[in-house]
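Notes to accompany the following structure.
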Amino acid sequence: MAQISLTFPDGNSRSFEAGVTPADVASEISKSLAKKAISANVNGAHWDLQWPIVEDAQIAINTMKDDAPALELIRHDLAHIMARAVQEIWPDVKVTIGPVIENGWYYDFDRQEPFTPEDLGEIEKKMREIINKRDAVRTEVWDRDRAIAHYEANGEPYKVELINAIPDDGQPIRMYWHGDWQDLCRGPHLQHTGQVPADAFKLMRVSGAYWRGDSRNAQLQRIYGVAFQNKEDLRKYLNFLEEAEKRDHRRLGREMDLFHMQEEAPGQVFWHPNGWTIYTQLQDYMRRKQRAGGYKEINTPQVVDRKLWEASGHWEKYQHHMFLVEVDESRDGENDDAAVKDKSQTRINALKPMNCPCHVQVFNQGLKSYRDLPLRLAEFGSCARFEPSGALHGIMRVRGFTQDDAHIFCTEAQIQEECARFIDFLANIYEELGFPEFEIKFATRPEKRVGSDESWDYVEGALESAIKAVGRDYTLEPGDGAFYGPKLDFYLTDAIGRVWQCGTFQVDPNLPERLGATYIGADGDKHRPFMLHRACLGSFERFVGILIENWEGKLPFWLAPRQVVVASIVSDADDYVAEVVSALQARGVRAEADVRNEKINYKVREHSMGKVPVILAIGAREVEERTVTVRRLGQKQTQVVALDAILAELGQGALPPDLGGPGAADADAA
RNA sequence: GCUGCUGUAGCUCAGAGGUAGAGCACUCCCUUGGUAAGGGAGAGGUCGAGAGUUCAAUUCUCUCCAGCAGCACCA
């Protein structure tokens, strides 16, 4: 038998017979390591303890102390254990695939009857039984025909399909057994089921999923589980979910009386005064920033004839996402009966799903000179998209929304500078809005694309240089660009670590081409401008949702819909309360009085739950001394302050961050 | 759009083949109370919409609408 040399993490090497397994290696090192071992890293690959090693290699034996392999194995083995449990309970259920995902795993099953929440409990119980059996995990390599024959005989058509999809390039078809239960799997797996912590996983939910992720295929039932190394980590994760639930903007939107939605207008928002205050504050802020940033604000039509959408290419590709409006030009207002409609007079319009074609129309009016470039046209563009019903989600994913949209018309040579400018612009806004951390994803040329390679080289180079020029990092997403140009997507991180894609920057030579945009160059000839699509917040609707969830409704003072409630303790204070409220309002503070016949406890409770940042309580003493007692949201202690002082402080605190207010960074100081 | 679940008072939810209940909120009265619910009384519902079964449907069946979770989608 040939000898191979294995090198350990400490740098020592030892000679073994070729075909030795990591399990053998671990046993030679020590009995306890053999017992604790879960897998190995062999030349960087995650290696099952049972797989033979046939050539010289770097090897490290993993134990549960190695977090990444441990979690992967725990979750992967649980996927198998769950599938086994399901088939033990319902032998006629067909198994498909069960990968590891973030925080856990899922497994897709084909079963006639739906799994119920009670079933999940039963499956979990069975899984714990299997874990406690400490059944050995065993693996073998089979040849293709044997594997197919096996699954055909067992009535597992999905597995047959999976095997047929494995390219016949000599890669092994591997079987795994957890006890007697067998599954096709590339591994690796643990030594035995008892290595899985029995108290650190939970089945979360069951839902539909398509076979191979394709909506034309059979719908399967997917069971999701989460799993960790120990009970404590599971608890932390479940707490995180609870935390996210507490922040749900749909719930806070109702509790804070911000907006509502109703079935006559699915996917569209009815903004209430409180919510609209947040929205307009944000919009006013963006308007000031854009003005300062060299943008010119425009506004374009909502209902636009299909001719424009045909020219832009949207009619062909995105018609099913557009709200269509049929207009009968022959209507005279006297006779609106549909029966008299003259078809030849009917025009089809679409509600605009995006603003860019309209912006090109603005650009196209009059001759543009190279001296006009870069021309930055911004619009708070109200768009309507017919999103699939299942995609709708509160105010985050809607059918009617307003983008903080802008299109920069420029020359190729100006792209880099515009890109760098934009990243700085956006970084400053995110910072002021309380999101100092964001990530850039750089999506480059896809396989199917238009334009020459030289042009792609140039434009991608320009974006990359721009990111470097402003001193930022990025993650490359090769092949994820649009068919006409590369793009940057900007992802911000919220207070509980969730990541939201908001900003975007997209280079587009295509639409100017399609819509015939030109400018006169220094040479006197017509040239085609580039168009840069860009947004910072994305949509105001969604961004307000993100703000609500990020701050758990406790918005920074300048954004809080109701900033101050002045609450009377005794009715003798009512006049002074009114005076304080007026004085605050005169300083631009959104203040209201609460002189209801209720105890101060009641008022404090109600406004605290309503997330009002500042409550000023006024009793006989404050009237006497011309002071107020300040109670800030989230703090129990109160503070007596002279009226003039609090007016000055709150007046200053109410200013948006770009106008000298304290901003998001030190919202608590407001 | 697909699969599953859900839809009863403003909100959170209970309930049953014989046209409905709680808590909170709301209105009125008493209470003037010092920092997270003072007391009492009252009003409030076409039980998501339509059709079917039935002597009788809000309850059972079907269709539709909307919401929730996931999938697919997000130009």
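Per chain, numbering begins at 1; letters A, B, ... match sequence-line order. In what follows, every heavy atom counts, from backbone to side chain, and hydrogens, waters and symmetry copies are set aside.
Of the side-chain N and O atoms in A/Arg222, none sit less than 4.0 angstrom from OP1 or OP2 of B/G4. Within the structure, a side-chain polar atom (N or O) of A/Arg250 is placed less than 4.0 Å from OP1 or OP2 of B/C68. Phosphate contact (OP1/OP2 of B/G1, side-chain N/O of A/Ser389, threshold under 4.0 Å): present.
Between A/Phe259 and A/His272, the gap from one ring centroid to the other reaches at least 6.0 Å. The ring of A/Phe386 has its center no closer than 6.0 angstrom to the ring center of A/Tyr318.
Rounded to whole Å, the distance from CG on A/Leu633 to C1' on B/U35 is 13 Å. The distance from atom CG of A/Asp257 to atom P of B/C11 is 12 Å, rounded to the nearest whole Å. To the nearest angstrom, P of B/C5 lies 16 Å from CZ of A/Arg205. Distance, A/Tyr107 OH to B/G70 P: 22 Å, rounded to whole Å. As a whole-Å value, the separation of A/Glu245 CD from B/C68 P is 13 Å. Atom CG in A/Asp594 sits about 15 Å away from atom P in B/A36, given to the nearest Å. When rounded to the nearest whole Å, the span between CG of A/Asp108 and C1' of B/C2 equals 14 Å. Across the protein-nucleic acid pair, A/Arg397 atom CZ and B/G1 atom P stand 14 Å apart, rounded to whole Å.
No contact: A/Tyr106 has no heavy atom under 4.0 Å from any strand. Among the heavy atoms of the strands lying under 4.0 Å from A/Thr629 is at least one base atom, whether or not backbone atoms are also near. The residue A/His393 sits close only to the backbone: its heavy atoms come under 4.0 Å of sugar-phosphate atoms, none of a base. Residue contacts for A/Met261: at a heavy-atom cut-off of 4.0 Å it reaches no nucleic acid atom on any strand shown. Contacts of A/Gln639 with the nucleic acid, taken as non-hydrogen atoms under 4.0 Å apart, are absent. The residue A/Ala620 sits close to a base: some heavy atom pair falls under 4.0 Å.
The residue among A/Arg399 and A/Tyr224 whose nearest nucleotide of RNA chain B is located toward the 5' end is A/Arg399. Residue whose closest nucleotide on RNA chain B sits further toward the 5' end, between A/Asn601 and A/Asp572: A/Asp572.
A gap of 16 Å separates the C1' atoms of B/G48 and B/A57, to the nearest Å. The gap from the C1' atom of B/C62 to that of B/C68 amounts to 23 Å, rounded to the nearest Å. The separation of B/U6 from B/U35, taken at their C1' atoms, amounts to 40 Å, rounded to a whole angstrom. Comparing the C1' positions of B/G52 and B/G15 gives an interatomic distance of 25 Å, to the nearest angstrom. Only the P atoms considered, B/A56 is 14 Å distant from B/G18, to the nearest whole Å. Of the P atoms belonging to B/U63 and B/A22, the separation is 36 Å, rounded to the nearest Å. Nucleotides B/U59 and B/U53, compared at atom P, are 14 Å apart to the nearest Å. Spacing of C1' atoms, B/G50 relative to B/A66, comes out at 15 Å, to the nearest Å.
Judged by distance alone, with hydrogens and angles left aside, A/Tyr210 brings a side-chain donor or acceptor within reach of the base of B/G1, the pair sitting under 3.5 Å. The base of B/G70 is not paired with the side chain of A/Gln221 by any donor and acceptor separated by under 3.5 Å. Contact of A/Arg631 with B/A36 (side chain to base): a donor-acceptor pair of N or O atoms is detected under 3.5 Å.
The side chain of A/Lys599 sits closest to B/G38 out of B/U32, B/A75, B/G38. In the set B/A37, B/C71, B/U35, B/A37 carries the atom at the smallest distance from any side-chain atom of A/Arg605. For A/Arg254, counting side-chain heavy atoms from C-beta on, the closest listed nucleotide (B/U35, B/G1, B/U12) is B/U12. Distance from the side chain of A/Val604 is smallest to B/A36 among B/U32, B/A36, B/G70. Of all nucleotides listed (B/G70, B/A75, B/U32), B/U32 comes nearest to the side chain of A/Val570. Closest contact between the side chain of A/Tyr602 and the listed nucleotides B/C26, B/A36, B/G67 involves B/C26. The side chain of A/Ser571 lies closest to B/U32, out of B/U35, B/C71, B/U32. With B/G70, B/G34, B/C11 as the choices, the nucleotide that has an atom nearest any side-chain atom of A/Arg621 turns out to be B/G34.
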>> Protein within reach of the bases, or only the backbone? For nucleotides 43-50 of chain B, mark each nucleotide 5' to 3' as B, S or -, using heavy atoms under 4.0 Å.
In response: --------
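Looking at heavy atoms from C-beta onward, A/Leu282 lies in side-chain contact with A/Phe543 at the 4.5 angstrom threshold. Using a 4.5 Å cut-off on side-chain heavy atoms (C-beta onward), A/Arg385 and A/Met322 make no contact. The shortest side-chain heavy-atom distance between A/Leu120 and A/Ile223 falls under the 4.5 Å cut-off.
For the residue pair A/Asp108 and A/Trp211, no side-chain donor N or O sits within less than 3.5 Å of a side-chain acceptor on the partner. Side-chain contact, A/Tyr474 with A/Glu439: no donor N or O sits under 3.5 Å from an acceptor N or O. Checked by atom type, the side-chain pair A/Gln403/A/Asn355 shows a donor-acceptor distance below 3.5 Å.
When Watson-Crick and G-U wobble pairs are counted only if both distances are under 3.5 Å, B/A20 pairs with no nucleotide at all. When Watson-Crick and G-U wobble pairs are counted only if both distances are under 3.5 Å, B/C28 pairs with B/G40. Base pairing annotation: B/G45 forms no Watson-Crick or G-U wobble pair, as no partner gives both donor-acceptor distances under 3.5 Å. In this structure, B/C5 forms a base pair with B/G67, meeting either the Watson-Crick or the G-U wobble geometry with both donor-acceptor distances under 3.5 Å. Searching all strands for a Watson-Crick or G-U wobble partner of B/A51 with both distances below 3.5 Å returns B/U61.
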> Would A/Phe540 and A/Phe401 satisfy ring-ring contact (aromatic ring centres under 6.0 Å, His included), going step by step from the backbone distance to the final call?
Replying inline: CA-CA 7 Å; A/Phe540 283 98; A/Phe401 57 94; over 10 Å; no
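Geometrically, A/Arg212 does not engage A/Tyr210 in a cation-pi contact defined by less than 6.0 Å to the ring centre and at most 45° from the axis. At least one test fails for A/Arg534 against the ring of A/Phe505: distance under 6.0 Å to the centre or angle within 45° of the axis.
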